[in-house]
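Just below is one structure, and these are the notes that go with it.
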Amino acid sequence: MEQQITPTSLLEAVRYFSDVDVCIEFVASLRWLDGVAQCPHCEAKNAGFLKTRRIWKCRECRKQFSVKTGTIFEESPIGLDKWLMAIWLVVNCKNGISSYEIARDLKVTQKSAWFMLHRIRLALKNGTWAKLGGGREPVEVDETFIGGKPKNMHAAKRLKMKTALNGYAEKAIVIGMLDRDSRQVRTKVIPNVKRDTLQTEILNAIEHKATVYTDGWPGYDDLAKKEYIHETVTHIEEYVRGNVHTQGIENFWSLLKRGLNGTYVAVEPFHLERYLDEQMFRFNNRATKDNPLNDADRFMLAVSQISGKRLTYAELTGKVAETVAF
């Protein structure tokens with residue numbers, strides 16, 4: 001398969017992906033790097049391409065498959081041209097893009113656009129969980145609260161939120177960790193800010209003997225006893241003390257909340273993890289002095305991660321999926 005030309009701007013992408021054959025060839029080139037289509041049913045690399053139908057047929061198991069099979073696009077009637085444009089917009093819009101904007105721009109329904117966005121967020125999910133703190137620089141750790149105050153909500157909304165948060169009728173809580181060496185951030189929704197909860201997350205995500213900077217919250221006390229070099233900054237008195245601060249992770253919180261409050265307006269706690277995955281992808285793959293990524297690089301990386309990931313509407317909405325026989 002010939003080497004693909006990668007568009008470098010949204011205008012170039014719109015023009016380039018206007019041809020369905022170009023879309024198929026582009027996705028196939030990123031999905032099968034050696035140029036040989038691998039059957040998603042039996043994993044054999046012995047398939048013939050049926051040009052008139054734009055699908056492959058495996059010579060081993062005799063089953064047919066398209067470039068969408070086994071990806072986030074599976075069983076979607078929406079064309080690849082619209083899918084690829086949606087991915088471009090999600091990974092390159094700093095504050096995210098709402099389902100209403102996607103619906104208007106791509107001429108799909110808002111419900112379809114919302115489903116598309118969640119599928120794309122699944123592709124953006126970080127697949128590696130190597131521990132932070134392996135370099136010489138410290139790791140900043142902080143937690144934040146997301147959502148409105150229950151006392152300002154309608155009683156029905158409060159009850160729904162209480163159920164979604166397993167009986168904790170308050171804001172959703174997210175812990176974040178920023179490795180200053182790799183400039184990578186990790187986030188996770190947690191049930192509370194108790195000491196056991198916070199320190200368990202730190203033990204699971206940060207290398208022992210690493211330097212950890214936090215604020216003065218008591219939940220971070222005694223980290224030194226768990227083989228960490230721990231320094232704190234008390235926000236009542238100061239925000240920065242030399243090199244000791246949590247400004248980096250707080251910058252991430254600012255970007256996250258700007259998107260949640262300004263673009264998405266209301267996010268259910270049930271779906272919050274996916275929005276965190278989206279913001280982490282953009283933050284961890286932003287252009288830096290040491291890693292000058294551009295819009296095309298982020299787009300290529302996102303498309304290369306579509307395989308082996310499937311999200312049904314029943315799973316997305318918390319319902320039990322029905323078994324359908326074809």
Side-chain angles (χ1 to χ4, degrees), residues 121 124-146 171-260 272-293 297-298 301 305:
R121 292 181 186 114
L124 302 183
K125 188 176 183 66
N126 188 358
T128 175
W129 285 102
K131 288 192 173 183
L132 304 174
R136 297 181 178 179
E137 295 294 324
V139 179
E140 299 177 21
V141 180
D142 192 28
E143 76 289 334
T144 192
F145 295 80
I146 295 174
K171 294 186 177 184
I173 308 168
V174 180
I175 187 172
M177 306 173 193
L178 173 65
D179 189 329
R180 289 190 190 174
D181 190 66
S182 63
R183 302 302 299 168
Q184 299 290 294
V185 69
R186 301 274 177 81
T187 62
K188 184 180 179 181
V189 177
I190 55 177
N192 54 60
V193 290
K194 295 180 180 179
R195 180 177 302 177
D196 288 346
T197 302
L198 294 174
Q199 297 196 10
T200 296
E201 295 301 328
I202 291 173
L203 287 167
N204 291 337
I206 301 177
E207 295 277 3
H208 284 101
K209 299 182 180 180
T211 301
V212 177
Y213 292 164
T214 70
D215 57 22
W217 178 250
Y220 298 114
D221 290 349
D222 300 329
L223 276 176
K225 295 180 181 179
K226 298 183 178 179
E227 300 183 37
Y228 290 107
I229 302 171
H230 181 214
E231 295 194 53
T232 64
V233 55
T234 304
H235 288 170
I236 296 176
E237 301 173 356
E238 58 189 358
Y239 281 90
V240 179
R241 188 179 69 257
N243 197 40
V244 181
H245 61 79
T246 57
Q247 301 291 77
I249 188 63
E250 286 171 4
N251 172 57
F252 177 81
W253 295 145
S254 177
L255 293 171
L256 173 66
K257 292 181 179 181
R258 192 180 306 165
L260 294 179
L272 182 56
E273 286 278 7
R274 301 192 195 282
Y275 291 89
L276 295 176
D277 291 335
E278 176 190 338
Q279 189 63 46
M280 279 191 289
F281 179 89
R282 284 195 297 265
F283 188 88
N284 291 339
N285 295 290
R286 69 199 184 283
T288 62
K289 182 179 179 180
D290 299 326
N291 192 15
L293 293 173
D297 295 327
R298 280 184 290 275
L301 178 60
Q305 297 179 177

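Every heavy atom of this structure was used, including side-chain atoms; hydrogens, water molecules and symmetry mates were not. In this text, all values refer to a predicted model and were calculated from it rather than measured experimentally.
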Before you tell me yes or no, could you show the steps for E201 and V141 under side-chain contact (heavy atoms from CB on, under 4.5 Å), namely the whole-Å CA-CA distance, both residues' side-chain angles and the distance that decides it to 0.1 Å?
CA-CA 10 Å; E201 295 301 328; V141 180; over 6 Å; no

For residues 208-217, dump all side-chain donor-acceptor pairs below 3.5 Å to protein atoms at least two apart in sequence or in another chain.
| residue | atom | partner | partner atom | Å |
| --- | --- | --- | --- | --- |
| T214 | OG1 | H230 | NE2 | 2.8 |
| D215 | OD1 | W217 | N | 3.2 |
| W217 | NE1 | V193 | O | 3.0 |

Query raised in the report: Are Q199 and Y228 close enough that a side-chain donor and a side-chain acceptor fall under 3.5 Å?
Result: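 Result is no, nothing qualifies.
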
With side-chain contact (heavy atoms from CB on, under 4.5 Å) as the criterion, how do T144 and I146 come out once you've worked through the C-alpha distance, each side chain's angles and the decisive distance to 0.1 Å? CA-CA 7 Å; T144 192; I146 295 174; 4.2 Å; yes

Return the [atom1] to [atom2] distance between [X] and [Y], rounded to the nearest 0.5 Å.
X    : Y    : atom1 : atom2 : answer
T187 : W253 : OG1   : CH2   : 6.0 Å
D221 : R195 : CG    : CZ    : 5.0 Å
T197 : I190 : OG1   : CD1   : 6.5 Å
I175 : I202 : CD1   : CD1   : 5.5 Å
R186 : L132 : CZ    : CG    : 4.5 Å
L124 : L301 : CG    : CG    : 8.5 Å

For [X] and [Y], indicate whether the former's side chain and the latter's backbone hold a donor-acceptor pair under 3.5 Å.
X    : Y    : value
R241 : T232 : yes
T288 : N291 : yes
Q184 : N284 : yes
N251 : Q247 : no
Q279 : L256 : no
E231 : V244 : no
D179 : V139 : no
K188 : E273 : no

State, to 0.1 Å, how close E140 and I249 come at their nearest heavy-atom pair, and which atoms those are.
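Taking E140 first and I249 second, the nearest heavy atoms are OE1-N, 3.0 Å.
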
*Provide the closest heavy-atom pair for R298 versus N285 in the form atom of the first, atom of the second, distance.*
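Scanning both residues completely, I find the closest heavy atoms to be NH1-O, 3.1 Å.
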
Does the side chain of [X] reach to within under 4.5 Å of the side chain of [Y], using non-hydrogen atoms?
X    : Y    : answer
V240 : V233 : no
K226 : L203 : yes
K125 : Q305 : no

Note to self: Check this for me: K257, atom NZ, are more than 12 non-hydrogen atoms of other residues, nucleotides or ligands nearer than 6.0 Å?
What the structure shows: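 Yes, the 6.0 Å shell around NZ holds more than 12 heavy atoms from other groups.
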
Residues that E137 engages under side-chain contact (heavy atoms from CB on, under 4.5 Å), provided they are two or more places apart: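 Only R180, D181 meet the side-chain contact (heavy atoms from CB on, under 4.5 Å) criterion with E137.
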
query: Partners of R258 by side-chain contact (heavy atoms from CB on, under 4.5 Å), sequence neighbours excluded?
result: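 R258 satisfies side-chain contact (heavy atoms from CB on, under 4.5 Å) with N95, S254, L255 once adjacent residues are dropped.
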
Could you go through the side-chain contact (heavy atoms from CB on, under 4.5 Å) check for E250 and H235 one step at a time?
CA-CA 12 Å; E250 286 171 4; H235 288 170; 3.0 Å; yes

Worksheet item: Is any side-chain N of the basic residue among E278 and R121 closer than 4.0 Å to the acidic one's carboxylate O?
Response: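 A salt bridge is present here (some side-chain N lies under 4.0 Å from a carboxylate O).
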
- side-chain contact (heavy atoms from CB on, under 4.5 Å) assessment of F252 paired with L178: CA-CA 9 Å; F252 177 81; L178 173 65; over 6 Å; no

